[in-house]
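Owing to the predicted nature of the structure, the values given are computational and were not obtained by experimental measurement. Values below: every heavy atom of this structure, side chains too, minus hydrogens, waters and symmetry copies. Nothing fancy with the numbering, it's 1 onward along the sequence.
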Amino acid sequence: MLSGFFNYDNPVWRFIGKFGDLIILNILWLVCSIPIFTIGASTTAVYYVTLKLVRDDDGYTIRSFFKSFKENFKQSTAIWLILLAVGMILGVDLYFFTRLYTGSGSFRTVMLTVFLAMVLIYAAVFTYIFPLQARFFNTVKRTFFNAFFMSLRHLFRTIGLITIDGVLIAAAFIFMIPPMLMVFMLFGFPLLAFINSYILAPVFSLYIPEEEQKSDELRPLFTDEEESVSSILMAKGDEHREEMLKTEETEVKETQDEQE
């Protein structure tokens, strides 16, 4: 009984081991986000690993992180810079109408309502877009569209994601609750990504046909007649699958050479 409990394959120990991966991810995310403009790539890389952890697709955390960081760098950076610019505009507008505007009170209320609604939409898209970039091949434009579409189609999950993230961040950095501060110092953003991945993984699986689950392929949410399926929304694989395919190809080639 005890030998089974202390076996690393025990679900309890595997779950605990995932928190060790989160500590490593926190260090990697902080270091790789220092230049600021790389935050998008490092956030995508974190989600790439946490989505694998949720699927119990254990691998090399550091290797997986940098694999995703490199492959998604250009698109993730473009996405991040767009989100940063939009976020700054929304922030300035909200500051203006809450602190500087001295005109009509009713107009101020209307504008604040509009901008707060835009902030909620912004938060919803922000919550989905980096996990989508980590999990699926797509253009920047369609990734934004799919993030917006999924956030609306799965509205209750979206509300849950925003609420959980907001409560945890507020508890740590606004109310300064010591235990939460300690948790964030240890696990940081990857903890939020890990929690979000548990909620998002079932959503993403809905868009992967059951017969194609093993091949990690995904059909499009929306497709134009002139566009191929692979250009719309296709699930990304992982390094284990790629290595297995390369190994199989090598073995087949060696077998053919021996027969000749």
Side-chain angles (χ1 to χ4, degrees), residues 8-35 37-80 126-138 140 143 146-147 161 165 184 186-205 207-208 212-218 230 233-250:
Y8 181 73
D9 290 330
N10 185 292
V12 175
W13 288 111
R14 287 173 66 85
F15 186 77
I16 293 174
K18 291 176 181 180
F19 284 97
D21 292 327
L22 293 183
I23 295 174
I24 296 173
L25 283 176
N26 187 31
I27 296 172
L28 294 174
W29 184 78
L30 289 172
V31 172
C32 293
S33 296
I34 289 176
F37 73 91
T38 59
I39 289 178
S42 58
T43 301
T44 300
V46 167
Y47 270 110
Y48 180 78
V49 177
T50 55
L51 285 167
K52 283 164 62 78
L53 291 175
V54 168
R55 301 196 307 269
D56 288 324
D57 184 8
D58 296 334
Y60 300 100
T61 299
I62 297 176
R63 180 190 298 180
S64 296
F65 179 91
F66 284 108
K67 175 181 182 293
S68 176
F69 187 90
K70 180 181 178 181
E71 292 180 351
N72 294 292
F73 183 82
K74 289 184 179 180
Q75 287 197 190
S76 295
T77 301
I79 289 171
W80 162 244
F126 196 101
T127 301
Y128 276 80
I129 199 162
F130 290 113
L132 276 171
Q133 178 62 33
R135 188 73 179 99
F136 301 109
F137 291 108
N138 227 316
V140 171
T143 301
N146 290 335
L161 285 165
D165 291 351
F184 269 94
L186 191 61
F187 301 110
F189 165 75
L191 177 63
L192 295 181
F194 186 57
I195 295 172
N196 292 348
S197 294
Y198 267 103
I199 300 174
L200 290 172
V203 173
F204 291 166
S205 67
Y207 301 94
I208 304 178
E212 297 182 6
Q213 289 278 355
K214 294 182 180 179
S215 62
D216 267 350
E217 292 182 351
L218 191 62
S230 61
L233 187 56
M234 191 71 70
K236 294 178 180 177
D238 54 58
E239 62 275 12
H240 293 299
R241 185 168 178 269
E242 293 171 0
E243 289 175 0
M244 289 175 63
L245 290 174
K246 290 180 180 179
T247 302
E248 290 177 359
E249 291 176 359
T250 303

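- In this structure, Ile62 and Ile24 have side chains that are in contact, with non-hydrogen atoms separated by less than 4.5 Å.
- Residues Arg135 and Tyr48 are not in side-chain contact: their nearest non-hydrogen atoms beyond the backbone lie 4.5 Å or more apart.
- One finds the CZ atom of Phe136 at 8.5 Å from the CG atom of Asn146 (value rounded to the nearest 0.5 Å).
- Residues Val140 and Ala78 come closest through the heavy atom pair CG2-CB, 4.3 Å.
- Here the side chains of Phe189 and Phe184 are not in contact, with every heavy-atom distance at 4.5 Å or above.
- Distance CD1/Ile34 to OG/Ser42: 10.0 Å, rounded to 0.5 Å.
- For the atom pair CD1 of Ile79 and NZ of Lys74, the computed distance is 14.5 Å after rounding to the nearest 0.5 Å.
- Of the candidates Val46, Leu53, Ile23, Leu30, Val46 is the only one forming a side chain to side chain contact (heavy atoms under 4.5 Å, CB included) with Pro190.
- Atom OG1 in Thr50 sits 10.5 Å away from atom CG in Leu192 (nearest 0.5 Å).
- Residues Phe187 and Phe19 place their aromatic rings such that the two centres sit under 6.0 Å apart.
- Put simply, the side chain of Leu186 does not reach to within 4.5 Å of the side chain of Asn26, judged on heavy atoms.
- Taking the six-membered ring for Trp and thresholds of 30 and 60 degrees, Phe69 and Phe73 have ring planes inclined between 30 and 60 degrees apart.
- Contact of the Leu132 side chain with the Phe204 side chain is registered, since non-hydrogen atoms from C-beta on lie closer than 4.5 Å.
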For side-chain hydrogen bond (donor to acceptor under 3.5 Å, both in side chains), just list the numbers for Thr43 and Trp29, CA-CA rounded to whole Å, side-chain angles, deciding distance to a tenth of an Å, and then say yes or no. CA-CA 7 Å; Thr43 301; Trp29 184 78; 3.2 Å; yes
Can you list the steps and then say if Phe194 with Val54 is a side-chain contact (heavy atoms from CB on, under 4.5 Å)? CA-CA 8 Å; Phe194 186 57; Val54 168; 4.3 Å; yes
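- No hydrogens or angles considered: nothing links the side chains of Thr44 and Asn72 as a donor-acceptor pair under 3.5 Å.
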With side-chain hydrogen bond (donor to acceptor under 3.5 Å, both in side chains) as the criterion, how do Tyr47 and Asn196 come out once you've worked through the C-alpha distance, each side chain's angles and the decisive distance to 0.1 Å? CA-CA 9 Å; Tyr47 270 110; Asn196 292 348; 3.0 Å; yes
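- Atom CD1 of Ile195 is separated from atom CG of Leu22 by 9.0 Å, given to the nearest 0.5 angstrom.
- One distance of note links CZ of Arg55 with OG of Ser205; it measures 10.5 Å at 0.5 Å rounding.
- Proximity of Lys18 to Val49: side-chain heavy atoms (C-beta onward) are nowhere separated by under 4.5 Å.
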